[in-house]
Amino acid sequence: MKKKGTGVHQFRITLQDVKPAVWRRIRTPEGYTFWDLHVAIQDAMGWQDKHLHEFQILEPKLRKPESIGIPDDDDLGPDTDVVPGWDRSVANYFSGDNPAATYVYDFGDEWNHEVVFEEAAPAEKPEQSPLCLDGAGACPPEDCGGPAGYAEFLRAIKKPGSPRGGELLDWVGGSFDPRCFAAQDVVFDDPEARWAWSFNESVVLEKEINGMEASPRKPDRMGRIAFQIPSALYRMLLKHPAGMSVDLVDQFDIAAEKNGLMSVRLDLEELKALGGFLVSSAKKSQRKLDRRIMMSLYEHFKTMETIVREL
């Protein structure tokens, strides 16, 4: 992970309106932007980063509330309501005189977090930042309905033999302990890689699907079709070529690059083998972002396989 700055900032993040208490204490590089801090909060808390977010904090010079997050199309003009998080430095906002912010995640469920700046300090071991120092409480399940829905969820799973309790436990994978948390198990993603996936690579894959649906490409004489993959994702897949079939490795080895995209030619059997490789790789990955990318690529190529079979 790219290092930013020589010092660290320490924050306590507390999820509001839930019992038992859910909180984390983290240290992040002093050079972090609000986008970087958002990624660190997501990873420390245990959220999946599937929804929009926003920081609400006083602008220290004007002492006026400011919203920092991901602008929508209406927020890109001169009178923007939401400032892009990647354009704002955390160090320019948080201080002993301006220590608190609210971090809102998922505007539907509306998870409100109190973010408190505790201290700035020299980095004893910069390579260990960001770092989760302490915390308590399991992160609520994504999309469970906010604090009220989470309270209902906890009441229901106390009766696992009931239809509703059993259904909800199945939904979260079979078990859920609201007090379970271990700081040493937190793994932080690279915020720059998360940004690239969210605003570049996933968009390229979506356009590739739309283009294939609108104008399907025909197979060559060997039954293969060219599929476009962002170069960064192509390199990610080749980190563990041992899990690929020989035919897959051969096709990836001769892929052609143009404008930041790799063109890989695959037939139906190779598409199927790629799907198996992606699922296996996702299960082995420790990083949340890598798992998400692998499963998104799996869904992407399953859709491509369906389109090809209908040609």
Side-chain angles (χ1 to χ4, degrees), residues 1-16 21-49 52-71 82-106 111-137 139 181-199 287-289:
M1 187 177 294
K2 185 177 179 181
K3 301 181 184 70
K4 299 184 176 185
T6 57
V8 294
H9 290 159
Q10 182 168 303
F11 297 94
R12 177 178 169 123
I13 300 101
T14 304
L15 185 59
Q16 304 292 285
V22 180
W23 64 273
R24 308 287 186 260
R25 176 169 286 114
I26 63 173
R27 282 192 166 184
T28 62
E30 66 179 3
Y32 258 22
T33 67
F34 276 87
W35 168 264
D36 301 336
L37 180 58
H38 149 72
V39 172
I41 291 173
Q42 286 281 312
D43 292 342
M45 293 298 298
W47 296 118
Q48 299 299 313
D49 202 2
L52 291 173
H53 71 275
E54 183 176 300
F55 289 92
Q56 298 164 356
I57 188 171
L58 282 178
E59 198 285 326
K61 292 182 179 179
L62 301 177
R63 304 300 294 177
K64 291 183 178 180
E66 188 167 307
S67 296
I68 303 174
I70 301 177
V82 179
V83 180
W86 46 89
D87 285 345
R88 291 293 185 268
S89 170
V90 167
N92 291 339
Y93 284 78
F94 285 102
S95 68
D97 295 327
N98 198 44
T102 297
Y103 172 78
V104 185
Y105 172 60
D106 184 355
W111 298 103
N112 290 292
H113 307 67
E114 179 188 46
V115 181
V116 176
F117 173 75
E118 293 188 325
E119 67 172 354
E124 297 178 4
K125 296 181 178 180
E127 69 277 6
Q128 291 186 358
S129 182
L131 181 68
C132 186
L133 301 173
D134 198 2
C139 184
F181 175 72
Q184 66 269 21
D185 292 339
V186 173
V187 177
F188 291 95
D189 280 336
D190 181 346
E192 293 179 5
R194 182 84 66 89
W195 193 95
W197 166 251
S198 299
F199 299 103
R287 293 193 176 278
K288 185 186 303 182
L289 179 59

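Just so you know, residue 1 is the first one in the sequence shown, and it goes up from there.
- Here the side chains of Val115 and Ile41 are in contact, with some heavy-atom distance below 4.5 Å.
- Residues His53 and Trp35 form a side-chain contact, since some pair of their non-hydrogen atoms from C-beta on lies under 4.5 Å apart.
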* To do: Begin with the C-alpha distance, continue with both residues' side-chain angles, and end with the deciding distance and a verdict on side chain to side chain contact (heavy atoms under 4.5 Å, CB included) for Asp49 and Lys288.
  => CA-CA 10 Å; Asp49 202 2; Lys288 185 186 303 182; 5.9 Å; no
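- Pro130 and Pro29 get closest at one heavy-atom pair: N-CD, 4.0 Å.
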* To do: For the pair Phe34 and Val90, evaluate side chain to side chain contact (heavy atoms under 4.5 Å, CB included) and give the outcome as yes or no after the intermediate values.
  => CA-CA 6 Å; Phe34 276 87; Val90 167; 4.2 Å; yes
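- Between Asp43 and the options Arg194, Arg287, Arg24, a side chain to side chain donor-acceptor pair (under 3.5 Å) holds for only Arg194.
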* To do: Walk me through it: do Phe181 and Cys139 pass the test side chain to side chain contact (heavy atoms under 4.5 Å, CB included)?
  => CA-CA 8 Å; Phe181 175 72; Cys139 184; over 6 Å; no
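- The side-chain heavy atoms of Arg63 and Asn98, taken from C-beta on, include a pair separated by under 4.5 Å.
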* Asked: Step by step, would you call Trp197 with Leu289 a side chain to side chain contact (heavy atoms under 4.5 Å, CB included)?
  -> CA-CA 9 Å; Trp197 166 251; Leu289 179 59; 3.9 Å; yes
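- With values rounded to the nearest 0.5 angstrom, Ile68 atom CD1 is found 10.5 Å from Gln56 atom CD.
- The two residues Val186 and Ala44 come nearest to each other via the heavy atoms CG1-CA, 3.9 Å.
- Using a cut-off of 4.0 Å between Lys/Arg side-chain N and Asp/Glu carboxylate O, Glu118 and Arg27 are scored as not salt-bridged.
- The heavy-atom pair separating Pro99 from Gly96 by the smallest distance is CD-O, 3.9 Å.
- The number of heavy-atom neighbours closer than 6.0 Å to CG of Asp185, taken from other residues, nucleotides and ligands shown, is above 12.
- The shortest side-chain heavy-atom distance between Val83 and Pro71 does not fall under the 4.5 Å cut-off.
- With rounding to the nearest 0.5 Å, the separation of CD in Gln10 from CD in Glu119 is 4.5 Å.
- Of all heavy-atom pairs between Pro60 and Asn92, the closest is CG-O, 3.1 Å.
- For an aromatic pair to be called close, the ring centres must be under 6.0 Å apart, and Phe55 with His38 fails this.
- Looking only at atom types and distance, the side chain of Thr33 has a donor-acceptor partner in the side chain of Asp36 under 3.5 Å away.
- Inter-residue side-chain proximity for Thr28 and Phe188 is flagged as unmet; no heavy-atom pair is nearer than 4.5 Å.
- The aromatic rings of His9 and Phe11 stand perpendicular to each other, their planes meeting at an angle above 60°, with 30° marking the opposite boundary.
- Of all non-hydrogen atoms in Tyr32 and Ala40, the two that sit nearest each other are CE2-CB, 4.3 Å.
- Considering only residues two or more places apart in sequence or on other chains, Glu114 meets the side-chain contact (heavy atoms from CB on, under 4.5 Å) condition with Thr14, Gln16, Val116.
- Atom CZ of Arg25 and atom CG of Leu131 lie 12.0 Å apart (nearest 0.5 Å).
- Between Ile70 and Trp86, some side-chain heavy-atom pair lies under the 4.5 Å cut-off.
- Under the 30°/60° scheme for interplanar angles, the aromatic rings of Trp47 and His113 are found to stand perpendicular.
- In this structure, Glu66 and Tyr93 have side chains that are in contact, with non-hydrogen atoms separated by less than 4.5 Å.
- The side-chain heavy atoms of Asp134 and Trp23, taken from C-beta on, include a pair separated by under 4.5 Å.
- One finds the CG atom of Leu15 at 5.0 Å from the CE atom of Met45 (value rounded to the nearest 0.5 Å).
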